[in-house]
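Structure record follows, encoded as structure tokens.
Only a predicted model underlies this, so the values are computations on that prediction, with no experimental measurement involved. Numbers restart at 1 for each chain; the letters A, B, ... are given by sequence-line order, proteins then strands.
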Number of protein chains: 4
Amino acid sequence: MAQDPIRQQRAAARRNQILDGAARVFAEKGFHRASTREIARAAGVSEGTIYNYFDSKAGLVVGLMTRLAEVESLGDELSDTMPGDIREFFVATFRRRFARLASQEKLFRAVLPEVLVDPELRETFHQQYVLRIAGLLEQYLQAQVAAGRMRPVDVPLAVRSLQGMFVGLLVLRIFGDETTRQGWDDLPEVLATLILDGLRLPREDEEVAQ
Amino acid sequence: MAQDPIRQQRAAARRNQILDGAARVFAEKGFHRASTREIARAAGVSEGTIYNYFDSKAGLVVGLMTRLAEVESLGDELSDTMPGDIREFFVATFRRRFARLASQEKLFRAVLPEVLVDPELRETFHQQYVLRIAGLLEQYLQAQVAAGRMRPVDVPLAVRSLQGMFVGLLVLRIFGDETTRQGWDDLPEVLATLILDGLRLPREDEEVAQ
Amino acid sequence: MAQDPIRQQRAAARRNQILDGAARVFAEKGFHRASTREIARAAGVSEGTIYNYFDSKAGLVVGLMTRLAEVESLGDELSDTMPGDIREFFVATFRRRFARLASQEKLFRAVLPEVLVDPELRETFHQQYVLRIAGLLEQYLQAQVAAGRMRPVDVPLAVRSLQGMFVGLLVLRIFGDETTRQGWDDLPEVLATLILDGLRLPREDEEVAQ
Amino acid sequence: MAQDPIRQQRAAARRNQILDGAARVFAEKGFHRASTREIARAAGVSEGTIYNYFDSKAGLVVGLMTRLAEVESLGDELSDTMPGDIREFFVATFRRRFARLASQEKLFRAVLPEVLVDPELRETFHQQYVLRIAGLLEQYLQAQVAAGRMRPVDVPLAVRSLQGMFVGLLVLRIFGDETTRQGWDDLPEVLATLILDGLRLPREDEEVAQ
DNA sequence: CATGAATGAGCCTTCATTCAT
DNA sequence: AATGAATGAAGGCTCATTCAT
């Protein structure tokens, strides 16, 4: 029938409408303290309707994560930047990631706990989020290493370290750490220096460690 | 009365007994899915007894965190190492932290979510854990910078980045990320390189970025 | 929508159904010894349903009180009687009040204790019950005093004394006092004499006290 | 043993100490919301000790009532007054009762509810309190009637009405009724007029109702 | 006699989920 | 497809009472 695409569109709109409500309530109260009643109210639908689009309350989290991952167009981010200057690339990328993270802080704060606890969600999130981004970063780093522009480190682990740093700094932010929060905009620069140049300064009587 | 110290000792033992039970159940099921009944059973006491020692279920998390922080003798860790070689120091310190984190993975997985969600817990954890460790690290880094052995970065932010990396890598571990999990023992070395020397290799026709 | 009034009617019916159950159990066991589970069973609904219609267990008492007050059409009672003969008016009014009180004895026995203890309930009951009836009685007495048919006493206090007597006699009844219980039907007459004519007989050698 | 009387005295002192604590806590929170722990603390003893002197929490109420009744020396009150002037006697007696009631308001508020609800307490209270006072009042009234100084009403019912009025006015006071509370000191006079002379004023063209 | 830690039954309330309309 | 009333299991927590010390 010709109505199919229309229906699908309407259904997708409803889904999103519900997810928006869920995101709002989850962000404010956390997963467990958010009731389906409140989510329904926030989404402007009835409780029953939620269950027409999602299997369960946990299904809402899956939906949110999936949507999060769909929206992430990391590939673009990475390729958007001219690969010319490494530092500029790093800083720009970091800056974008940090802006993203900050804007989703509340949602992360709400969803992360449940993701940490629920094995299935954990798996989904890991696949759709961690591995996807890791893959892209690995490609980039690998290329740099191959080109002799970067130290031949264990690329996957280095990437994990980077990702970890992002996640961890977000966690610190969530903890309310003032230093992290106020320095958020400076972090891309600091990180770039840290990651690219390292902390160590060669003593004068030493050779530059390469 | 001579019984006072005995009383206190017995009370402390009970507290720990209860916390052990709580840790076990929290680790297995997470905070919200763990019922006080189950915790009581795991601890070998009655439900009522729990409330003779803790204000509420959330109080158990506070207790666990506090105990965690008490056990942490980071000061020793830092000073134990000869400050001779910076890299050795970093690697050794990282190794110890990573061992610690890994051994407490389950507990973290159980407690972290609730800490993220509950504002009061967040504050407590931040004070007792994040800031305490941050302070020690800052001292160390600052000294190195002052001695001209390290690049004059924004020390507090650099420290947060380090801490974030620890936390974040633990989170990746919790996500079940195979790369992180299998590379756990190699991470201290990778991180040391990353943090101390940086990724970038100077091209021959370039100046050393500072 | 045309369903709204139907909905409302059904909801009102449910409310009453629940209140009936609550009244039954409260009357039998008193407020505190009545469990919501038992109330639910007595009302023929689930425990959860109670909370769809009332905020809390205490809310049931409020509901009962309100319903009690709504049913009371004291105004009619007062005006129904011909104002012709004062004594007849008193006796008739008393008789009606006493019949009312007796029929609600159990409910009062169940609700009064909680009303006495809970400040909020106390206030509500005072407003909806005591003051409403007091106002009507005051009007009546005031009119009689103004007409010179009654002694110019402190009307509000006299009314409180009357109300107190009703309440107090009900309490004695609840205590199981046999004299009160068996004399219940005679009390209107006795009270009328007491209140209208007083106990004192003038000695022959004295003036009539006024 | 010679210690018996000493022991008994000490035991009685403890009992009273506990009852004082109970009275304080009951008065503040009501019977059900008062915990034995709090009572113990208020009495300066341990929870266990309470159970060495009383069977149960309800036993405390029995104890309080009994002590209340013991302290009441109504006989003295009644005989203290010169039987000369009836009105003076009534006013003086009322005044004393009202002062008593007011001073015990809180305790009544706390104990009455439980007395109303618990059949056993009800019986005890009725015997020790209601009937004892009723008996004394009946004697007095009966004598007055016999002496031709009072109208030959149904004495027991009249007495119940009086008692009811006391109880009822106390209840109104407890409800927080401002009129009752502020007029408390005037009530003895108002009541005396009400009870002795009645409200009705004879019209000039009528005979004095007898 | 006094203590107070331990008990565990039982309570009120919440909430995800279902289903008749 | 939407609704929202009804459900009832489950949960955290309180507290009167006991008993070993």
Side-chain angles (χ1 to χ4, degrees), chain A residues 7 10-11 14 18 31-41 43-60, chain B residues 1 3 6-7 10-11 14 18 31-41 43-60, chain C residues 1 3 6-7 10-11 14 18 32-41 44-60, chain D residues 7 10-11 14 18 31-41 43-60:
Chain A
R7 283 217 180 146
R10 267 212 319 235
R14 266 278 195 278
I18 293 171
F31 179 78
H32 282 280
R33 295 187 223 296
S35 67
T36 49
R37 180 187 308 227
E38 206 166 357
I39 293 170
R41 202 174 306 151
V45 299
S46 74
E47 278 187 86
T49 298
I50 294 177
Y51 286 84
N52 285 336
Y53 292 88
F54 297 92
D55 280 346
S56 66
K57 196 181 162 192
L60 291 170
Chain B
M1 330 191 178
Q3 290 182 335
I6 295 182
R7 282 257 168 90
R10 267 208 327 226
R14 266 278 192 282
I18 293 170
F31 180 79
H32 281 281
R33 293 187 225 294
S35 68
T36 51
R37 185 185 310 230
E38 204 167 358
I39 293 170
R41 203 175 304 151
V45 299
S46 74
E47 273 189 271
T49 297
I50 293 178
Y51 289 86
N52 284 338
Y53 292 87
F54 298 92
D55 280 345
S56 65
K57 196 183 164 190
L60 290 171
Chain C
M1 329 192 178
Q3 291 182 335
I6 296 182
R7 281 256 168 93
R10 266 208 329 227
R14 266 277 193 282
I18 293 170
H32 281 281
R33 293 187 226 294
S35 68
T36 50
R37 183 190 309 230
E38 204 166 357
I39 293 171
R41 204 175 303 149
V45 299
S46 75
E47 275 189 271
T49 298
I50 293 178
Y51 288 86
N52 284 339
Y53 292 87
F54 298 92
D55 280 345
S56 65
K57 195 184 164 190
L60 291 171
Chain D
R7 285 219 178 145
R10 267 211 320 233
R14 264 278 195 281
I18 293 170
F31 179 78
H32 280 280
R33 295 186 224 296
S35 67
T36 50
R37 180 188 304 227
E38 204 166 357
I39 293 170
R41 203 176 304 153
V45 299
S46 74
E47 279 187 85
T49 299
I50 294 178
Y51 286 85
N52 285 336
Y53 292 88
F54 298 91
D55 279 347
S56 66
K57 195 182 163 191
L60 290 171

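- Taking Ser35(B) as the reference, nothing meets the side-chain hydrogen bond (donor to acceptor under 3.5 Å, both in side chains) condition, with sequence neighbours excluded.
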Atom pairs, protein N/O to nucleotides 8-10 of chain F N/O, distance under 3.5 Å:
| residue | atom | partner | partner atom | Å |
| --- | --- | --- | --- | --- |
| dG8(F) | N7 | Gly48(C) | N | 3.4 |

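- Here Ile39(A) contributes atom CD1 and Arg37(A) contributes atom CZ; the two are 12.5 Å apart, rounded to the nearest 0.5 Å.
- For Glu38(A) and dG4(F), the CD to P distance is 17 Å, given to the nearest whole Å.
- Minimum heavy-atom separation, Ser46(C) to Ala40(C): C-CB, 3.8 Å.
- Counting to the nearest Å, the P atom of dA16(E) and the CZ atom of Arg33(A) are 13 Å from each other.
- As a whole-Å value, the separation of Asp55(A) CG from dT17(E) P is 9 Å.
- The side chain of Arg14(D) contributes an N or O atom lying less than 4.0 Å from OP1 or OP2 of dA2(E).
- The residue among Ala34(C) and Gly44(B) whose nearest nucleotide of DNA chain E is located toward the 5' end is Gly44(B).
- Taking five base pairs at each end of the helix from dA2(E)-dT21(F) to dT21(E)-dA2(F), the local helix axes there meet at an angle of 0°, rounded to 10°.
- Toward the 5′ end of DNA chain F lies the nearest nucleotide of Ala58(D), the other residue of the pair Ala58(D) and Arg10(B) mapping further downstream.
- For Lys57(B), counting side-chain heavy atoms from C-beta on, the closest listed nucleotide (dC1(E), dC13(F), dT7(E)) is dC13(F).
- Looking at residues two or more places apart in sequence or on another chain, you find a side-chain hydrogen bond (donor to acceptor under 3.5 Å, both in side chains) between Arg33(C) and Glu114(D).
- By the side-chain contact (heavy atoms from CB on, under 4.5 Å) test, Tyr51(C) is found to be paired with Thr36(C), residues two or more places apart in sequence or in another chain being considered.
- Atom CG in Leu60(C) sits about 13 Å away from atom C1' in dT13(E), given to the nearest Å.
- One distance of note links CG of Asp55(D) with CD1 of Ile50(D); it measures 13.0 Å at 0.5 Å rounding.
- Residue Tyr53(B) has a polar side-chain atom (N or O) positioned under 4.0 Å from OP1 or OP2 of dA6(E).
- Straight-line distance from the CZ atom of Arg41(A) to the P atom of dT3(F): 14 Å, rounded to whole Å.
- In terms of heavy-atom proximity, His32(C) sits nearest to Lys57(C) at O-NZ, 3.7 Å.
- Closest to the side chain of Asn52(A), out of dT3(F), dA5(E), dG12(F), is dT3(F).
- Rounded to whole angstrom, the span from the NE2 atom of His32(B) across to the C1' atom of dT14(E) amounts to 13 Å.
- The separation between Ile18(B) atom CD1 and dA5(E) atom C1' is 11 Å, rounded to whole Å.
- Partners of Ser56(B) according to the side-chain hydrogen bond (donor to acceptor under 3.5 Å, both in side chains) rule, which considers only residues two or more places apart in sequence or in another chain, do not exist here.
- Picking from dC13(F), dT17(F), dT3(E) the nucleotide with the shortest atom distance to the side chain of Tyr51(B) gives dC13(F).
- Rounded to the nearest 0.5 Å, atoms CD1 (Ile18(B)) and CG (Asn52(B)) are 8.0 Å apart.
- An OP1 or OP2 oxygen of dC12(E) is reached within less than 4.0 angstrom by a side-chain nitrogen or oxygen of Thr36(C).
- Taking atom CD1 of residue Ile50(D) and atom C1' of nucleotide dT17(F), one finds them 11 Å apart after rounding to whole Å.
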